[in-house]
Amino acid sequence: MMTAEQYVESRGLPASVASEWFLRYGWDGSWPMLENRIVIPIFSFTGRLLALAGRSLSVEDKPKYLFTPGWDKNRWLYGVWREIKSIPVIVEGYLDVWALSLCNYTGFAVMGSVISDWQAALIAGMSDKVIIYPHNDDDGVEWKYKLRSYGVKSVIPTHPYPIGAPLKTMGDNETADPHWLYVNQKAWLQMNLDICRKKLKEPSLNDILTEEIT
């Protein structure tokens with residue numbers, strides 16, 4: 001048995017992530033399908049529990065993620081119940097969101113490699129500009145065009161990964177994503193996020209107050 005704290009530490013993140021994001025091992029027998037998995041609660045904007053995602057702990061245990069029934073992940077984003085502290089960063093998975101939070105950036109995960117129309121509409125309702133940090137460059141371009149059709153301006157890092165970082169491959173291999181970068185190249189991730197934020201010209205609090213006063 002692995003605790004949620006041990007799991008996040010095994011992925012290179014501090015144990016505090018487990019309590020901050022309400023992670024746990026299994027779900028008290030209520031959902032047998034989630035036994036022997038790390039359980040990730042998914043909440044609505046108001047904090048209502050929508051579903052549980054169970055992450056496998058071994059490559060032999062397929063599929064990697066299982067979800068409680070009666071819920072469509074393509075209609076939601078992971079992380080929307082959290083306070084928005086920056087220009088949102090749109091990513092694929094849960095670990096990316098946790099890693100971004102540790103960098104003081106707000107992440108929303110589409111929980112896959114495709115942004116649905118429902119998700120694009122949700123993003124547009126929260127912000128008119130976002131940073132895209134995909135696992136795969138082609139996915140990022142598709143996200144950019146989809147979000148543009150909803151009036152959302154987006155920026156993808158020009159060089160998202162340093163030379164030598166592993167590229168996304170099929171299977172369960174680690175990929176060069178925001179989580180990987182947080183663990184292995186945190187300075188690179190932070191630099192790219194800051195550059196993207198400046199490209200989108202995020203106003204400071206002083207800029208906002210000055211504009212309101214004038």
Side-chain angles (χ1 to χ4, degrees), residues 13 17 20-21 43-46 75-163 165 167-168 175-214:
L13 302 178
V17 167
E20 184 177 353
W21 293 88
F43 300 98
S44 70
F45 290 96
T46 59
R75 295 192 176 204
W76 290 96
L77 297 164
Y78 179 71
V80 293
W81 67 92
R82 303 270 294 199
E83 178 186 359
I84 298 179
K85 297 182 178 180
S86 68
I87 288 178
V89 185
I90 310 303
V91 294
E92 289 192 19
Y94 310 96
L95 277 86
D96 296 335
V97 173
W98 306 338
L100 289 168
S101 178
L102 293 168
C103 292
N104 294 317
Y105 272 84
T106 299
F108 297 131
V110 299
M111 297 174 283
S113 59
V114 177
I115 290 182
S116 69
D117 288 313
W118 282 91
Q119 291 170 326
L122 287 177
I123 293 168
M126 292 184 289
S127 179
D128 62 353
K129 49 192 174 185
V130 299
I131 297 169
I132 293 176
Y133 222 118
H135 292 188
N136 182 288
D137 290 342
D138 291 338
D139 292 339
V141 173
E142 290 181 8
W143 295 5
K144 186 178 182 71
Y145 283 117
K146 171 66 70 82
L147 291 172
R148 181 185 297 174
S149 69
Y150 281 82
V152 179
K153 180 181 179 181
S154 62
V155 170
I156 304 173
T158 305
H159 302 290
Y161 313 121
I163 295 174
L167 299 177
K168 183 174 177 63
T175 60
D177 53 34
H179 161 251
W180 185 94
L181 289 167
Y182 174 84
V183 174
N184 297 283
Q185 297 283 348
K186 184 176 179 180
W188 184 279
L189 173 63
Q190 189 74 55
M191 176 189 71
N192 272 326
L193 292 171
D194 292 344
I195 289 173
C196 287
R197 176 181 55 80
K198 290 176 181 178
K199 285 183 178 180
L200 289 168
K201 297 181 179 179
E202 180 180 34
S204 66
L205 178 60
N206 184 65
D207 293 335
I208 295 173
L209 292 176
T210 301
E211 183 177 347
E212 290 180 351
I213 292 173
T214 56

**Prompt:** Roughly how far apart are S154 OG and Y145 OH, rounded to 0.5 Å?
**Reply:** 10.0 Å
**Message:** One pair to check against side chain to side chain contact (heavy atoms under 4.5 Å, CB included): M111 and L77. What are the steps and the verdict?
**Reply:** CA-CA 7 Å; M111 297 174 283; L77 297 164; 5.7 Å; no
**Under 3.5 Å: donor-acceptor pair, side chain of S86, backbone of T106** = yes
**Prompt:** Are the side chains of C103 and K186 in touch, meaning some heavy atoms are under 4.5 Å apart?
**Reply:** yes
**Prompt:** Can you list the residues that meet the ring-ring contact (aromatic ring centres under 6.0 Å, His included) rule with W81, with sequence neighbours excluded?
**Reply:** W21, F43, Y78
**Message:** Applying side chain to side chain donor-acceptor pair (under 3.5 Å), can you list everything that pairs with Y133, at least two apart in sequence or on another chain?
**Reply:** N192
**Asked** So which pairs with a foot in residues 102-127 pass salt bridge (Lys or Arg N to Asp or Glu O under 4.0 Å), sequence neighbours left out?
**Response** D117-K146
**Prompt:** For K144, what residues pass the salt bridge (Lys or Arg N to Asp or Glu O under 4.0 Å) criterion, not counting sequence neighbours?
**Reply:** none
**Request:** For residues V17 and L102, determine if any side-chain heavy atom of one lies less than 4.5 Å from a side-chain heavy atom of the other.
**Result:** yes
**Message:** Quick one: does any side-chain atom of W188 pair with a main-chain N or O of P160 as donor and acceptor, under 3.5 Å?
**Reply:** yes
**Request:** Give every residue pair that meets the salt bridge (Lys or Arg N to Asp or Glu O under 4.0 Å) criterion with at least one member in residues 93-116, sequence neighbours excluded.
**Result:** none
**Request:** For the pair V80 and F108, evaluate side chain to side chain contact (heavy atoms under 4.5 Å, CB included) and give the outcome as yes or no after the intermediate values.
**Result:** CA-CA 7 Å; V80 293; F108 297 131; 4.1 Å; yes
**Request:** Return the set of residues passing side chain to side chain contact (heavy atoms under 4.5 Å, CB included) with I195 (not counting sequence neighbours), or none when no residue passes.
**Result:** M191, K199
**Asked** Taking only residues two or more places apart in sequence or in another chain, which ones pass salt bridge (Lys or Arg N to Asp or Glu O under 4.0 Å) with D128?
**Response** none
**Asked** Are D177 and P134 side-chain neighbours, meaning at least one heavy-atom pair lies under 4.5 Å?
**Response** no
**Complete:** Residues at least two apart in sequence or cross-chain that pass side chain to side chain donor-acceptor pair (under 3.5 Å) with T46, listed by chain then number, are S44
Acceptor/donor pairs from residues 118-127 side chains to any protein atom, 3.5 angstrom cut, sequence neighbours excluded:
from: Q119; atom 1: OE1; to: S116; atom 2: N; distance (Å): 3.0
from: Q119; atom 1: OE1; to: S116; atom 2: OG; distance (Å): 3.4
from: Q119; atom 1: NE2; to: K73; atom 2: O; distance (Å): 3.3
from: Q119; atom 1: NE2; to: W76; atom 2: O; distance (Å): 2.9
from: Q119; atom 1: NE2; to: V110; atom 2: O; distance (Å): 3.1
from: S127; atom 1: OG; to: K129; atom 2: N; distance (Å): 3.2
from: S127; atom 1: OG; to: K129; atom 2: O; distance (Å): 2.6

**Message:** Could you work out, with side chain to side chain donor-acceptor pair (under 3.5 Å) as the rule, every residue matching S101, not counting sequence neighbours?
**Reply:** R82
**Prompt:** Hey, what do you get for CG (D139) to CD1 (I115), rounding to the nearest 0.5 Å?
**Reply:** 9.5 Å
**Message:** For L95 and Y182: C-alpha separation, side-chain torsions, deciding distance, then whether side chain to side chain contact (heavy atoms under 4.5 Å, CB included) applies.
**Reply:** CA-CA 10 Å; L95 277 86; Y182 174 84; over 6 Å; no
**Request:** Go through the structure and list residues passing salt bridge (Lys or Arg N to Asp or Glu O under 4.0 Å) with R148, not counting sequence neighbours.
**Result:** none
**Nearest-0.5 Å distance that lies between atom NZ in K85 and atom CG in L100** = 12.5 Å
**Asked** Once you round to the nearest 0.5 Å, how far does CG of L193 lie from NZ of K198?
**Response** 12.0 Å
**Side chain proximity check, I132 to V155, heavy atoms < 4.5 angstrom** = no
**Message:** I need the full list of salt bridge (Lys or Arg N to Asp or Glu O under 4.0 Å) pairs touching residues 102-115, with sequence neighbours left out, sorted by first then second residue.
**Reply:** none
**Request:** State which residue, out of I131, V97, I87, fulfils the side chain to side chain contact (heavy atoms under 4.5 Å, CB included) condition with Y105.
**Result:** I131
**Prompt:** How far does CH2 of W180 sit from OH of Y161, to the nearest 0.5 angstrom?
**Reply:** 10.0 Å
